2 protein chains.
Amino acid sequence: MSLIFSRQCEYAIQALIYLAKQPPENWISIKEIAKKLKIPQHFLGKIMQSLSAMGLLQSQKGLFGGFGLAKSAKQIFIYDIVEAIDGDVYRRECVLGFPNCSEKSPCPVHDEWKDLRNGIVEMIKKKSLYDMSEEILKPGY
Amino acid sequence: MSLIFSRQCEYAIQALIYLAKQPPENWISIKEIAKKLKIPQHFLGKIMQSLSAMGLLQSQKGLFGGFGLAKSAKQIFIYDIVEAIDGDVYRRECVLGFPNCSEKSPCPVHDEWKDLRNGIVEMIKKKSLYDMSEEILKPGY
DNA sequence: AAAAAGTAAGATAGAATTGTCTGATTAACA
DNA sequence: TGTTAATCAGACAATTCTATCTTACTTTTT
């Protein structure tokens, strides 16, 4: 069971943080990212394609090609990545899975969960790639 | 992707809430619960077996048999159910999936996530089946 | 003793997620 | 122009999660 983000989503976030730490003019290959972050290479390839399609990445084919951020790292937030990969997760249904849970007939943890979820959403909407790349001081990521 | 709890876990919580609302001396059959809550019957059967094995439920075979809570509804908390079904989810690894994330080399959202996770854990450790069965006023669950 | 209604348990199927492999295409460079 | 190294794209395999089916066993009632 994924904790909050899917495996794909975790990989996407990790890869974009990696890109955010590189000089922006460089094309970075999937191979390099996969090796450094220990992510299955071809799986990452698919994820990067999705991120390109969603407008978060640019790509360059051919020799010395690779990927780069399509926007400034300050303009890309965790939320954008999650949305691109996992879709619209946080507007979704009841935590307890009750099919008819709503404001009018709330489930037993409706309000508590709303607060917690809002906290999560707020965090991932505020945290940018730039913030995160700055916070990683130690190499190895 | 599961939002927070696995499908199994959602079903387990729902079923236990249902039991908590019944007179405690009654045996309730899987069939009844599955029908009322619209849960796949045999899948629920397996889940109930797990919950029995973990000591949250009692069962009675044979005609007019069924399941009942093994403890008072006030003594069973969401956390217990999640632990029984999904295992030790909340002591688990990094939200971003970084394999070497720790207090010493935290990931970029380590502290923020710790607070959010603690909020979730606190909530599910505090919320009992009794609380939840009380809060469901409307029938249909 | 037999029938009925239930749990217990295992085998199996389906679906989603994750991961692997291969070939086509593209671009830079010698 | 050919080689090399990269993305792109599709097929496929493995794993995990979810769901179904079937059989065995247990208990109560008749």
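The shown structure was predicted, so the numbers you read here are calculated from the model rather than taken from an experiment. Order of the sequence lines sets the chain letters (A, B, ...), proteins ahead of strands, with each chain counted from 1.
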Would you kindly give the [atom1]-to-[atom2] distance between [X] and [N], to the nearest whole Å?
| X | N | atom1 | atom2 | value |
| --- | --- | --- | --- | --- |
| B:Gln58 | C:dT7 | CD | P | 14 Å |
| A:Lys31 | D:dT4 | NZ | C1' | 11 Å |
| A:Ile28 | D:dA6 | CD1 | P | 11 Å |
| A:Glu10 | C:dT18 | CD | P | 9 Å |
| B:Phe43 | C:dA11 | CZ | P | 18 Å |
| A:Met48 | D:dC8 | CE | P | 9 Å |
| B:Gln41 | D:dT18 | CD | P | 19 Å |
| A:Ile85 | C:dT18 | CD1 | P | 10 Å |

Is the phosphate of [N], meaning OP1 or OP2, less than 4.0 Å from a side-chain N or O of [X]?
| X | N | answer |
| --- | --- | --- |
| B:Ser59 | C:dA8 | yes |
| B:Gln8 | D:dC17 | no |
| B:Tyr11 | D:dT18 | no |
| B:Arg7 | C:dA16 | no |

*asked:* Assuming nearest nucleotide by heavy-atom distance, tell me which of B:Gly62 and A:Gly62 is located more 5' along DNA chain C.
replied: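 On the 5' side of the pair lies B:Gly62.
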
Ignoring the backbone of [X], work out which of [options] is nearest its side chain.
| X | options | result |
| --- | --- | --- |
| B:Pro40 | D:dA9, C:dT7, D:dT20 | D:dT20 |
| A:Leu63 | C:dT7, D:dA6, D:dA5 | D:dA5 |
| B:Phe64 | D:dT28, D:dC8, D:dA9 | D:dT28 |
| B:Ser29 | D:dT20, D:dA6, C:dG6 | C:dG6 |
| A:Gln60 | C:dA27, D:dC8, D:dT28 | C:dA27 |
| B:Gln49 | C:dA9, D:dA6, D:dT7 | C:dA9 |
| A:Phe67 | D:dT28, D:dT4, D:dT7 | D:dT7 |

_With B:Lys126 via side chain to side chain contact (heavy atoms under 4.5 Å, CB included) - residues at least two apart_ =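 Counting only residues at least two positions away or on another chain, B:Lys126 forms a side chain to side chain contact (heavy atoms under 4.5 Å, CB included) with B:Glu122.
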
_Between A:His110 and A:Glu103: side-chain donor-acceptor atoms closer than 3.5 Å_ =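 Checked: A:His110/A:Glu103 side chains pair up, N/O donor to acceptor below 3.5 Å.
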
*Report yes or no: is the cationic atom of B:Lys125 (NZ for Lys, CZ for Arg) under 6.0 Å from the centre of the six-membered ring of B:Phe77, at an angle within 45° of the ring normal?*
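Relative to the ring axis of B:Phe77, which defines the angle, B:Lys125 lies outside at least one limit.
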
*Do the charged groups of A:Glu112 and A:Arg117 touch, with an N to O distance under 4.0 Å?*
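Salt bridge flag = no for A:Arg117 with A:Glu112.
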
*Basic-acidic side-chain contact under 4.0 Å: B:Glu32, B:Lys35*: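 Salt bridge between B:Glu32 and B:Lys35, a charged N being under 4.0 Å from a carboxylate O: no.
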
_Once you apply a heavy-atom cut-off of 4.0 Å, does B:Lys46 come out as touching a base, just sugar-phosphate, or nothing?_
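If one applies the 4.0 Å heavy-atom cut-off, B:Lys46 turns out to touch a base.
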
*Over 12 foreign heavy atoms within 6.0 Å of NZ, A:Lys74*: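 Open.
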
